[in-house]
Amino acid sequence: MFAIYPGSFDPITLGHLDVIERGSRLFERVIVAVLRNPNKTPLFTVAERMDQIRRSTGHLTNVEVDSFDGLTVTYAKMRQANVLLRGLRVLSDFEMELQMAHTNKTLSEEVETVFLATSNEHSFLSSSLVKEIAKLGGRIDHLVPQPVAPDIYKCYAKILPISVPKQDSTPVVEHPRTEFLPGMDKPG
Ligand code: PNS
C-alpha cells in the first residue's frame, strides 16, 4: 500500500523525519509530497525543500519526494495511493487534522487518513519554531535533519548579517531582529 505524506516542509524537521521513517516501515512506499502553495511566502523554494527532504531521507529506499498543487486527494488518486499520512503532535493539532481528514473524506471515499503520534521528544517541534529560533540567532542543529541546518543558517545569514552559531557556544546576537521575514508567521 502506498502512502502520501503531504505538507509544507518549510523546512523539514526531525518531527517530520520521524513520521517518514516510521511510515516507511508501515507502508510499501511513502511519497513525501511538498505542496506548491502560491498563497504562502516560504523561506525555501519547493525545489530547495524537495532537495532537503531527499538529502534527509537518502537512507530510506522506499521513500520518494515529489511536489503537487491543487487538492491532496486528487494528487493521491493520481499516484494511486489510498493513504494520507499525517503526524499528530499535541492536542491542538487534533482539531485541524480531524477537520482536514473529514474534508478529504467528503472529497474521496477511497482515501483514508492515517495519523502517527509524533514521538514525545519531537512533540513541541514545528517548522515555524525552527525558523523563529534561527532568525533570532539560536542553534537549530538538534531540531532538523543534519543536512538541512547549514541551509537554514545560510538563509538567515543572507537575509540579515548574523553570526552563524558554533556547535558548542551560545550564539551572539549582533542586533535585534524584529522584522517580518519570508517563511515566518506574522505575529498576531
Ligand atoms: O505542513 P502543513 O502546512 O500542515 O500541510 C498542510 C497540507 C498541505 C496537508 C494541507 O494544507 C493540504 O492538504 N493542502 C492541499 C489543499 C487541499 O487538499 N485542501 C483540502 C483538504 S483540507
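Just so you know, ligand 1 is whichever comes first in the structure, and atom 1 is the first atom listed for that ligand.
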Mind running salt bridge (Lys or Arg N to Asp or Glu O under 4.0 Å) on Arg55 and Asp151 for me, showing each step along the way? CA-CA 12 Å; Arg55 285 186 280 135; Asp151 290 4; 2.8 Å; yes
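Under a 3.5 Å cut-off, the side chain of Tyr153 and the backbone N or O of Gly137 do not form any donor-acceptor pair. In this structure a side-chain-to-backbone donor-acceptor pair under 3.5 Å is missing from Thr57 to Leu60.
Using a 30° and 60° split on the angle between ring planes, Phe68 and Tyr75 fall in the parallel class, below 30°.
For the pair Glu64 and Arg79, the salt-bridge criterion is met [side-chain N within less than 4.0 Å of a carboxylate O].
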As a test of reading the model: which N/O atoms of the protein lie under 3.5 Å from N/O atoms of ligand 1, and at what distance?
residue  : atom   : partner : partner atom : Å
ligand 1 : 1 (O)  : Ser8    : N            : 2.9
ligand 1 : 3 (O)  : Ser8    : OG           : 2.6
ligand 1 : 4 (O)  : Arg86   : NH2          : 3.0
ligand 1 : 5 (O)  : Arg86   : NH1          : 3.4
ligand 1 : 13 (O) : Thr72   : OG1          : 2.6
ligand 1 : 18 (O) : Thr72   : N            : 2.9
ligand 1 : 18 (O) : Thr72   : OG1          : 3.4

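Note on residues 94-104: pairs passing side-chain hydrogen bond (donor to acceptor under 3.5 Å, both in side chains), not counting sequence neighbours, are Arg86-Glu97.
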